[in-house]
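Chain A is the first sequence line, chain B the second, and so forth, proteins listed ahead of strands; every chain is numbered from 1. Model, not experiment: these values are computed from the prediction.
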Amino acid sequence: MIDLKLLQKDFAGFSAKLMRKGVSEALLNDLKEKNETLKIAKVAFEELQAARNAMSKEFGVYKREGKDINELKARIDANNVKVDAALEVQRQAQVALETLAMTVPNAPDDSVPDGADENDNIEIAKVLTPKEFSFTPKEHWELAEQNGWIDFERGVKLATSRFSVSFGMGARLERALINFMLDFNRERGFEEVSVPALVNRQALEGTGQLPKFEDDLYKMDGLDLFLIPTAEVPVTNLYADEILTADELPIRMTAYTSCFRKEAGAAGRDTRGMIRQHQFHKVELVAMTTPDTSEAVFTQMVGCASDILTALELPHRLVNLCTGDLGFGAAHTTDIEVWLPGQNQYREISSISNTRDFQARRAKIRYKNGKKNEFVNTLNGSSLAVGRTLVAIMENNQNEDGSIDIPKVLKPYLGM
RNA sequence: GGAGAAGUGGGAGAGUGGUUGAAUCCGCGCCCCUGCUAAGGGUGUGUAGGAGCAAUCCUACCGAGGGUUCGAAUCCCUCCUUCUCCA
């Protein structure tokens, strides 16, 4: 949730930031107006309510003293009609404002470059150099099928398109990767947590997937429960509605979950292979901390994800997302793209975002700063998407005969 | 699945219609006294929103949402959660 107080206080400044993210001026004006309307409605209601409280108190005194209450009762009744009306006005104003405000994305940081889409993202750094192949490297689905690691047809048979099944070393590598990543993150100070794969509406509103992106979520029939699109949702919401103490911050967590996405807007993209699946494994990093330390934690998280790829000897690059490619809740995001020789391009494998207080404001995650309660900053990032990591290993470590070298760091996890 | 009980502030725990936003204890903050591996005294201590330079004041919140009432933590209804007993 954006800071409506800030919008009210510095409309020009704050709305300029939101307009960089494509929020229309008309919407912002509407928002400002609805906020003012609510304020006025609240004051009106509260004044009437105060009058009622005072008269009710008086009523008690009258009764005790045995005075005649008829005249007072008449006044109270008249006032109550107004109270009810004012309450209704206030309610409607509240709903109108919230409905609108919940659909407004986070304001990008000033450091975020302007741009329309992923083509305008700015490369920050390259890590490791892609190796030269003496043959034409194959794409991962070919390698996966040749090695018997992944069966795409049987996934479709069991569910529908964009589902796959891993067999043998393919399945074992996935498990090894998950364990390796969790251990790696834990050694960097992220506590491992295991969370539900189903969450309620409130949780998804807290992290910003709802109300705007319901189309991309799997919803349980007849229940207000959804399959998580990322562990970010349950893990961030662990502390929803809580007031933390400053000395327990930063809270840093890592979690492995399956993730479920309808990929509603991705028809026709990456239909082949396991780049874009409806269900995929991911190890996630989530942190909540004070505003003055969130950038340090952010840097650590990016380092964590990048270092995992380095440990796996996978060439990758860091990219600063432009305004057009930035997610709904992010103030700024660094993507990590891994080199895929089969595709001859870098592909996203991790996305690390600082949402500042955007999610905290929605989920009401606060901390005691001296006497005052303030919103924490929440951060999240993948470290990493397991399927895509497996893809990268296959494509980067392939030999001419189609065999694949197992990364050194994973061998202990495979009993090798 | 059936029967019952309960959900109050950081914690424990009072409170069954009216100066109760909530006694008391513990914890925590500050001050004082005292001085040695202590203890005592005083005082303060929820959240959100609004008015005001400020002191302060107003409104809402006692699991959630409705209802009854001039007035509800207190009565009624629905839901959620927890516990106990039964299947």
Quantified in whole Å, what is the C1' atom distance between nucleotide B/G18 and nucleotide B/G27? 33 Å

Given the C1' atoms of B/C30 and B/U74, what is the spacing between them in whole Å? 36 Å

With a non-hydrogen cut-off below 4.0 angstrom, is A/Arg361 in contact with a base, only sugar-phosphate, or nothing? nothing

Using atom C1' in both nucleotides, what's the gap between B/U69 and B/G49 to the nearest angstrom? 27 Å

Assign each of A/Ile76 and A/Ala50 the nucleotide of RNA chain B bearing its closest heavy atom; nearer the 5' end lies the nucleotide of A/Ala50

Round to the nearest Å and state the distance from A/Gln202 atom CD to B/G63 atom P. 17 Å

Figure out the CG/P separation between A/Leu223 and B/C79, and round it to whole Å. 16 Å

note: A/Phe45, atom CZ; B/C58, atom P; distance rounded to Å ~ 16 Å

Show me the side-chain donor-acceptor pairs of residues 250-259 of chain A shorter than 3.5 Å, one per line, residues at least two apart or across chains.
unit_1, atom_1, unit_2, atom_2, d
A/Arg252, NH1, A/Gln300, OE1, 2.8
A/Thr254, OG1, A/Asn185, ND2, 3.1
A/Thr254, OG1, A/Glu284, O, 3.0
A/Tyr256, OH, A/His281, ND1, 2.7
A/Ser258, OG, A/Gln279, NE2, 3.4

Looking at every strand, decide which applies to A/Arg75 at a 4.0 Å heavy-atom threshold: base, sugar-phosphate, or nothing. nothing

If only side-chain N and O atoms of A/Lys57 are considered, is one of them under 4.0 Å from the OP1 or OP2 phosphate oxygen of B/G18? no

Between A/Val233, A/Leu227, A/Leu210, A/Ile228, which is the residue that forms a side chain to side chain contact (heavy atoms under 4.5 Å, CB included) with A/Leu217? A/Leu210

Measure the distance from CD1 on A/Ile243 to C1' on B/C28 and round it to the nearest whole Å. 15 Å

Rounded off to whole Å, could you give me the NZ-to-P distance for the A/Lys5 and B/A48 pair? 9 Å

Rounding to the closest angstrom, what is the interatomic distance between B/G50 and B/U45 at atom C1'? 23 Å

Please determine if A/Asp215 and A/Lys262 form a salt bridge, counting it only when a charged side-chain N lies under 4.0 Å from a carboxylate O. no

Once you apply a heavy-atom cut-off of 4.0 Å, does A/Asn79 come out as touching a base, just sugar-phosphate, or nothing? nothing

Quantified in whole Å, what is the C1' atom distance between nucleotide B/C80 and nucleotide B/G65? 10 Å

Report the distance from atom CD1 of A/Ile69 to atom P of B/G18, rounded to the nearest whole Å. 16 Å

Greater than 12 external heavy atoms within 6.0 Å of A/Lys63's NZ: no

Please give the distance between the P atoms of B/G35 and B/C28 as a whole number of Å. 24 Å

If you draw a 6.0 Å radius around NZ in A/Lys368, do more than 12 non-hydrogen atoms from other residues or ligands fall strictly inside? yes

Does B/A60 have OP1 or OP2 sitting under 4.0 Å from an N or O in the side chain of A/Asn53? yes

Is A/Gln49 close enough to B/C58 that one of its side-chain N or O atoms is under 4.0 Å from OP1 or OP2 there? no

Please determine if a side-chain N or O atom of A/Arg52 lies less than 4.0 Å away from the OP1 or OP2 oxygen of B/A60. no

Gap in Å between the two P atoms, one belonging to B/G10 and one to B/C86, rounded: 37 Å

Among B/G66, B/U59, B/C70, which is the nearest nucleotide to the side chain of A/Lys73? B/C70

The side chain of A/Phe59 lies closest to which of these nucleotides: B/U47, B/G18, B/G71? B/G18

Between B/U59, B/G50, B/G46, which nucleotide gets closest to the side-chain atoms of A/Lys368? B/G46

Distance-only donor-acceptor check, side chains A/Glu337 and A/Gln345, under 3.5 Å: no

Partner of B/A51 by Watson-Crick or G-U wobble geometry, both contacts under 3.5 Å, or none? B/U56

To the nearest Å, give me how far apart NZ (A/Lys364) and P (B/C61) are. 16 Å

Is any side-chain nitrogen or oxygen of A/Asn80 closer than 4.0 Å to OP1 or OP2 of B/U69? no

Please state whether the phosphate of B/U47, meaning OP1 or OP2, lies under 4.0 angstrom from any side-chain nitrogen or oxygen of A/Arg366. no

Separation of the C1' atoms in B/A60 and B/G21, to the nearest angstrom: 11 Å

Tell me the interatomic distance from A/Met55, atom CE, to B/U69, atom C1', rounded to whole angstroms. 15 Å

Using distance alone, with no hydrogens and no angle criterion, decide if A/Ser351 and A/Asp335 have a side-chain donor and acceptor under 3.5 Å apart. yes

Checking N1-N3 plus N6-O4 or O6-N4 for Watson-Crick, or N1-O2 and O6-N3 for wobble, each under 3.5 Å, the partner of B/U19 is none

